[in-house]
Protein chains: 2
Amino acid sequence: MNTLTNRQKEIFDFIKLKISNEGYPPTRMEISEFFGFKSPNAAEDHLKALKKKGFIDILSGTSRGISLSVHDDSIPLIGLVSAGSPMLAEENVEKRIPALPISSHGIDYYLRVKGDSMIDVGIFDNDLIAVNKDLKVKKNTIVIARIDDDVTVKTLIEISNNKVVLKAENKDYDDIVINPKKVNLNFEGTCVGLIRNIS
Amino acid sequence: MNTLTNRQKEIFDFIKLKISNEGYPPTRMEISEFFGFKSPNAAEDHLKALKKKGFIDILSGTSRGISLSVHDDSIPLIGLVSAGSPMLAEENVEKRIPALPISSHGIDYYLRVKGDSMIDVGIFDNDLIAVNKDLKVKKNTIVIARIDDDVTVKTLIEISNNKVVLKAENKDYDDIVINPKKVNLNFEGTCVGLIRNIS
DNA sequence: CTAAATACTGTATATAATTACAGTATGAAT
DNA sequence: ATTCATACTGTAATTATATACAGTATTTAG
């Protein structure tokens with residue numbers, strides 16, 4: 001239903017390319033010229049198909065009145081995480097914000113930090129940390145861990161089959177020592193960046 | 001010559017807004033309608049002025065053929081500041097990076113922090129701080145100060161006609177106490193945000 | 001003091017662009 | 001078997017749009 005045919009995907013990609021390169025969407029004629037159509041109506045038909053499938057919006061009577069419906073260059077910002085729900089579940093998404101290339105790693109989402117357990121490495125209450133969920137978690141990096149539905153940000157300092165140590169970067173807090181065989185432990189990702197709004 | 005008049009800035013901002021909201025630039029008529037012009041030629045004149053000043057490009061014979069010249073939505077990143085040169089002088093600009101809306105205040109530039117004098121407020125060596133240069137500097141905010149050509153980031157804790165106290169947020173450093181009548185002191189801006197890349 | 005730049009109104013026109021209608025041909029779905 | 005979606009050609013008309021030319025008034029720079 002909302003899957004594009006190969007040809008439609010080519011058209012859609014061309015529209016995206018045009019917007020990215022020129023700063024505005026193509027006309028029917030420009031599409032036709034690029035693909036070698038001899039009639040602008042070929043492009044018109046494709047646009048109608050793309051609209052029907054929800055990939056673009058068309059403003060009637062408007063030149064270049066094409067807008068992309070699914071401009072997925074935004075990244076979810078996760079606020080409080082409901083117990084048991086996946087990190088990126090809709091209920092956890094506070095809002096979506098534009099992809100900010102602040103890190104040398106890919107960013108899957110931002111997570112709003114609660115509490116002061118990481119102030120010694122400069123992560124404060126209410127900061128946003130950029131999270132990459134695919135990086136292999138490594139010792140001495142800051143990880144996002146889920147311990148029995150509880151999401152926490154800590155430095156991973158030891159990891160083996162029967163012992164994981166998560167360190168709070170604040171002398172008022174104790175290390176968290178876990179036996180992953182006994183406790184439900186998941187790594188949600190690695191912290192690859194930080195954003196703070198000082199208001 | 002490359003500074004816009006207030007009116008031209010309004011036009012330019014409207015074009016940016018349109019592109020951001022609709023996904024394509026406005027026509028002369030749409031500009032005229034928004035500003036209440038009775039002739040599309042008023043918009044035409046403004047576009048020509050914007051082009052002349054290098055803020056937009058116009059493709060002749062092309063509907064909505066307005067594209068923003070790149071330099072505008074990027075913000076300079078200031079690395080090391082040469083003694084005596086204005087903050088935004090070309091020689092200080094490490095590179096330009098896309099405007100990242102990380103702060104509730106406007107951002108004029110990013111400044112790469114050197115040293116650990118502000119670690120107690122979570123500003124670390126090599127972090128980028130977002131700087132607003134127009135906010136009135138206030139007590140208990142983090143300011144960018146220039147003391148005799150030396151640029152420093154500190155918390156302003158006292159300010160009067162003959163005494164200014166700048167506090168390093170690190171117990172290993174002493175406060176900087178200055179008599180602004182005797183020492184050349186300038187406030188370059190206020191820290192309104194922070195970006196860190198954890199690699 | 002004068003020319004140029006700014007900020008418009010008002011009219012007009014060529015052309016850029018949308019978009020409907022009428023077809024043809026092929027493959028997939030009911 | 002026949003309708004529907006896909007993927008086009010070909011023509012044409014209305015309207016959307018760019019843009020030139022002729023003005024006026026005010027402000028700014030040399």
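Letters go in sequence order (proteins before strands), and every chain restarts at 1.
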Can you tell me the distance, in whole Å, between the [atom1] atom of [X] and the [atom2] atom of [N]?
X       : N      : atom1 : atom2 : value
A:Lys52 : D:dA7  : NZ    : P     : 13 Å
B:Lys51 : C:dA5  : NZ    : P     : 17 Å
B:Ile31 : D:dA18 : CD1   : C1'   : 11 Å
A:Phe35 : D:dT9  : CZ    : P     : 13 Å
B:Glu10 : C:dT6  : CD    : C1'   : 14 Å
B:Leu4  : C:dA5  : CG    : C1'   : 14 Å
B:Asn6  : C:dC8  : CG    : P     : 12 Å

**Message:** Less than 6.0 angstrom separating the ring centers of A:Phe12 and A:Phe55, yes or no?
**Reply:**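 When the ring centroids of A:Phe12 and A:Phe55 are compared, they turn out to be within the sub-6.0 Å range.
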Indicate yes or no for a side-chain donor-acceptor contact from [X] to the backbone of [Y] under 3.5 Å, with no hydrogens or angles considered.
X        : Y        : result
B:Arg28  : B:Glu44  : no
A:Glu30  : A:Thr27  : yes
A:Thr152 : A:Ala145 : no

May I ask you to evaluate whether [X] reaches the phosphate of [N], defined as a side-chain N or O under 4.0 Å from OP1 or OP2?
X       : N     : answer
B:Gln8  : C:dA7 : yes
A:His46 : D:dC8 : yes
B:Lys9  : C:dT6 : no

Got a list of protein N/O to nucleotides 18-23 of chain C N/O distances below 3.5 Å?
unit_1: C:dT18; atom_1: OP1; unit_2: A:Arg28; atom_2: NH1; d: 3.1
unit_1: C:dT18; atom_1: OP1; unit_2: A:Arg64; atom_2: N; d: 2.7
unit_1: C:dT18; atom_1: OP2; unit_2: A:Arg28; atom_2: N; d: 3.0
unit_1: C:dT18; atom_1: O3'; unit_2: A:Gly61; atom_2: N; d: 3.3
unit_1: C:dT19; atom_1: OP1; unit_2: A:Gly61; atom_2: N; d: 2.2
unit_1: C:dT19; atom_1: OP2; unit_2: A:Arg28; atom_2: NH2; d: 3.1
unit_1: C:dA20; atom_1: OP2; unit_2: A:Lys48; atom_2: NZ; d: 3.1
unit_1: C:dC21; atom_1: N4; unit_2: A:Asn41; atom_2: OD1; d: 3.4
unit_1: C:dC21; atom_1: N4; unit_2: A:Asn41; atom_2: ND2; d: 3.3
unit_1: C:dA22; atom_1: N6; unit_2: A:Asn41; atom_2: ND2; d: 3.4

Looking only at heavy atoms, which two atoms of A:Asp174 and A:Ala168 are closest? And how far apart?
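Residues A:Asp174 and A:Ala168, closest heavy atoms: O-CB, 4.3 Å.
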Item to complete: Could you pull out the closest heavy-atom pair between B:Pro40 and B:Ser32, with the gap in Å?
Response: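 Smallest interatomic distance, heavy atoms only, reads CA-OG, 3.3 Å.
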*Using the rule that two of Ile, Leu, Val, Met, Phe, Trp, Tyr join whenever any of their side-chain heavy atoms come within less than 4.5 Å, decide whether A:Val143 and A:Ile178 are in one cluster.*
yes
Using only heavy-atom distances, determine whether the side chains of B:Ser63 and A:Arg64 contain a donor-acceptor pair under 3.5 Å.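 Yes.
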| query | Hey, are B:Lys114 and B:Asn126 close enough side-chain-wise for a donor-acceptor pair under 3.5 Å? | reply |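 Side chains of B:Asn126 and B:Lys114: pair found under 3.5 Å.
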Would you say that more than 12 heavy atoms from the other residues, nucleotides or ligands in this model lie under 6.0 Å from the [atom1] of [X], or not?
X        : atom1 : result
B:Lys167 : NZ    : no
B:Asn140 : CG    : yes
B:Asn162 : CG    : yes

- Task: Name the closest nucleotide to the B:Phe37 side chain, picking from D:dC8, C:dG10, C:dC8.
- Result: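 Within the option list, the nearest is C:dC8.
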The nucleotide from D:dT6, D:dT9, C:dC8 with an atom nearest the side chain of A:Thr5 is D:dT6
Its dot-bracket string being built from Watson-Crick and G-U pairs below 3.5 Å, with | for another strand and [ ] for crossing, DNA chain C has the pattern ||||||||||||||||||||||||||||..
Across all chains, not counting sequence neighbours, the salt bridge (Lys or Arg N to Asp or Glu O under 4.0 Å) partners of B:Glu33 are none
Tabulate atom names and distances for all N/O pairs under 3.5 angstrom spanning the protein and nucleotides 26-30 of chain C.
none

Residue pairs passing the salt bridge (charged side-chain N to carboxylate O under 4.0 Å, His left out) test with at least one member in residues 117-132 of chain A, sequence neighbours excluded, are A:Asp127-A:Arg196
Could you write out each protein N or O paired with an N or O of nucleotides 25-30 of chain D at a distance under 3.5 Å?
none

